[in-house]
Asker: 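Got a structure for you, written out below as structure tokens; questions coming shortly.
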Number of protein chains: 2
Amino acid sequence: MESVQQPHRVRMTPGARRVLAAAERLFYERGIHAVGVDLIAAEAGVTKKTLYDRFGSKEQIVVEYLAGRDERWRERLAGHLEAVAGRGPDARIVAVFEASRAWALEYGRKGCSMINANAEIGDPSHPAHPVITGQKRWMLDLFTGLAREIEPAGADGLARTLMLLHEGALVAHGVGVFPDPFGQALEQVRHLLGNGAAATGGASLR
Amino acid sequence: MESVQQPHRVRMTPGARRVLAAAERLFYERGIHAVGVDLIAAEAGVTKKTLYDRFGSKEQIVVEYLAGRDERWRERLAGHLEAVAGRGPDARIVAVFEASRAWALEYGRKGCSMINANAEIGDPSHPAHPVITGQKRWMLDLFTGLAREIEPAGADGLARTLMLLHEGALVAHGVGVFPDPFGQALEQVRHLLGNGAAATGGASLR
DNA sequence: TGTCCACTATACAGATCTGTATACTTCTGC
DNA sequence: GCAGAAGTATACAGATCTGTATAGTGGACA
């Protein structure tokens with residue numbers, strides 16, 4: 001479950017760093033297809049030659065964009081989890097949602113970059129596809145591990161419910177249909193955990 | 001079944017119908033930006049002149065694509081709700097999720113067209129933007145109306161939780177991180193309703 | 001017979017896209 | 001002093017994009 005931090009496929013020179021920073025901002029704000037390499041190079045204050053010398057293709061910039069954002073998210077999440085170290089799995093599950101809420105307020109005006117990229121990249125053979133599915137799988141595994149500490153029997157079911165609430169809050173935030181969806185998710189999560197943990201794997205209720 | 005059928009901004013000649021059918025399939029399967037008007041015209045067996053004579057712009061085709069899909073979804077949903085007519089709000093809420101599950105299995109291999117389009121469009125001044133937000137607002141209003149029949153006090157909170165589970169299942173289905181997310185959502189919804197309805201709007205819990 | 005109407009066929013304008021080529025500069029380390 | 005790495009500047013190839021222009025076809029209907 002430790003992320004295997006594979007080395008960057010890209011030499012991160014100062015120019016490359018500026019390219020990636022510009023690409024992250026532009027891709028997230030306007031979408032991947034809507035942003036061309038000329039614009040990225042111009043915003044980064046770099047020539048296209050430098051851009052292609054470092055990254056080789058636009059696809060690779062997309063991969064680095066998503067992988068980098070995922071990495072920053074995991075670091076951020078780790079900080080929130082450290083803050084409740086020693087406390088039980090309930091507190092850590094709540095901490096995940098609180099981390100997402102803080103992240104969404106700070107970085108997430110346009111929703112989840114992974115969900116958005118998944119919508120733009122129909123083709124599963126795109127090199128960014130594993131980054132996207134890997135990130136979502138990682139989140140599900142995280143929830144599953146925490147759920148197992150609460151009730152090993154129904155852990156998968158609880159984890160999937162948490163995943164639904166989390167993804168739902170991400171997309172609701174992106175569409176903006178009602179305010180503070182993570183607040184709503186948190187309320188529901190606290191309620192589920194307080195009740196002795198929601199629908200388990202089996203055929204529901206007492 | 002009678003949806004309010006506001007007049008199309010487009011004369012739906014046989015050629016226009018084929019254009020829209022091809023656009024719906026291609027936009028959903030490959031994404032909006034990834035599909036050009038030349039391809040749409042070719043797949044529809046129509047010249048570009050016909051396409052532009054009918055729709056005027058690609059943007060307008062996108063609007064018709066989303067509005068048409070929304071209309072079909074509402075008709076489908078109406079059918080599922082009629083099947084439980086006379087029964088209580090609980091049964092109708094469950095019926096909504098069952099309708100989404102059936103829809104996703106049939107039309108939804110790539111997730112929710114509204115969520116995907118919202119990810120691709122970025123710009124809120126795009127004419128398709130109101131179609132997207134309108135559809136999500138309509139779903140939230142639907143849940144709110146049903147929730148009000150269960151408990152007027154906490155209706156907004158219950159509706160938002162249902163919305164989170166529903167959007168979460170849509171996006172989980174699109175990413176494919178675990179199988180049958182609507183089944184999981186249904187389980188959780190039945191549990192919430194069976195328990196006397198979950199976290200209410202206010203600062204309810206213990 | 002004549003007039004719409006939907007449509008075909010084809011060509012092209014003009015912009016933008018990803019990616020490459022050539023030649024030169026600037027800085028660093030040995 | 002000099003090699004190599006990183007970058008600038010500029011031009012261009014080749015494809016694809018949205019959208020338009022011109023000319024003609026075939027059927028319905030009065």
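So you know, we letter chains A, B, ... as the sequences are listed, proteins then strands, and number each from 1.
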Asker: Can you confirm if the NZ or CZ of B:R72 lies within 45° of the ring axis of B:Y107 and under 6.0 Å from the centre of its six-membered ring?
Answerer: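 Yes; both conditions hold, so B:R72 lies above the ring face of B:Y107.
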
Asker: Taking the six-membered ring of B:F143, is the NZ or CZ of B:R160 close enough (under 6.0 Å from the centre) and on axis enough (within 45°)?
Answerer: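 B:R160 over B:F143 ring: no.
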
Asker: Counting distance alone, no hydrogens or angles: does the base of C:dG19 have a donor or acceptor under 3.5 Å from a partner atom on the side chain of A:K48?
Answerer: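 Looking at the base of C:dG19, it does pair with a donor or acceptor on the side chain of A:K48 (distance under 3.5 Å).
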
Asker: Find the distance A:Y52:OH to D:dT8:P and express it as a whole number of Å.
Answerer: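 Rounded to whole Å, this separation is 16 Å.
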
Asker: If I take atom CG in residue A:D53 and atom P in nucleotide C:dC24, what distance separates them, rounded to the nearest angstrom?
Answerer: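 After rounding, the reported distance stands at 17 Å.
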
Asker: Look at all strands and tell whether A:G45 reaches a base, only sugar-phosphate, or nothing, counting heavy atoms closer than 4.0 Å.
Answerer: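 Sugar-phosphate, backbone atoms only, no base.
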
Asker: Specify the separation, in whole Å, of atom NZ of A:K49 and atom P of D:dC12.
Answerer: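 In whole Å, D:dC12 P lies 18 Å from A:K49 NZ.
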
Asker: Whole angstroms only, please: what is the CG-P distance between B:L39 and D:dA15?
Answerer: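 Checked: the CG to P distance equals 18 Å.
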
Asker: Minimum heavy-atom separation for A:A44 and A:R18, please, with both atom names.
Answerer: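 Reported closest heavy-atom pair: O-NE, 2.9 Å.
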
Asker: Can a donor-acceptor pair be found between the side chains of B:Q60 and B:E64 at a distance below 3.5 Å?
Answerer: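 Result is yes, a qualifying pair exists.
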
Asker: Under 4.0 Å: is that the gap between some side-chain N or O of B:S57 and OP1 or OP2 of D:dT18?
Answerer: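 Answer is no, no contact under 4.0 Å.
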
Asker: Name the nucleic acid region contacted by A:T47, choosing base, sugar-phosphate or nothing; use a 4.0 angstrom heavy-atom cut-off, strictly under.
Answerer: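 Base contact.
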
Asker: For the atom pair CD (A:Q135) and CG (A:N118), what is the distance rounded to the nearest 0.5 Å?
Answerer: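 Answer rounded to 0.5 Å: 11.0 Å.
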
Asker: How long is the line joining CZ of A:F55 and P of C:dT20, in whole Å?
Answerer: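 Result: 15 Å.
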
Asker: Give the rounded distance in Å between these two atoms: CG of A:L26 and C1' of C:dC17.
Answerer: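 So the CG-C1' distance, A:L26 to C:dC17, works out to 16 Å.
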
Asker: Between atom NE2 in B:H33 and atom C1' in C:dT18, what is the gap in whole Å?
Answerer: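 These atoms are roughly 16 Å apart.
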
Asker: Using a 4.0 Å heavy-atom cut-off across all strands, classify A:D38 as base, sugar-phosphate, or nothing.
Answerer: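 Base, at least one base heavy atom under 4.0 Å.
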
Asker: Which part of the nucleic acid, if any, lies within contact of A:T50, taking any heavy atom under 4.0 Å across all strands shown: a base, the sugar-phosphate backbone alone, or nothing?
Answerer: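 A:T50: base contact, heavy atoms under 4.0 Å.
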
Asker: Could you give the CD1-to-C1' distance, from B:I40 to D:dG19, as a whole number of Å?
Answerer: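 Taking CD1 of B:I40 and C1' of D:dG19, I get 13 Å after rounding.
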
Asker: Starting at the 5' end of DNA chain D and moving along, which residue's nearest nucleotide shows up first, A:R54 or B:A34?
Answerer: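 Between the two, 5'-proximity favours A:R54.
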
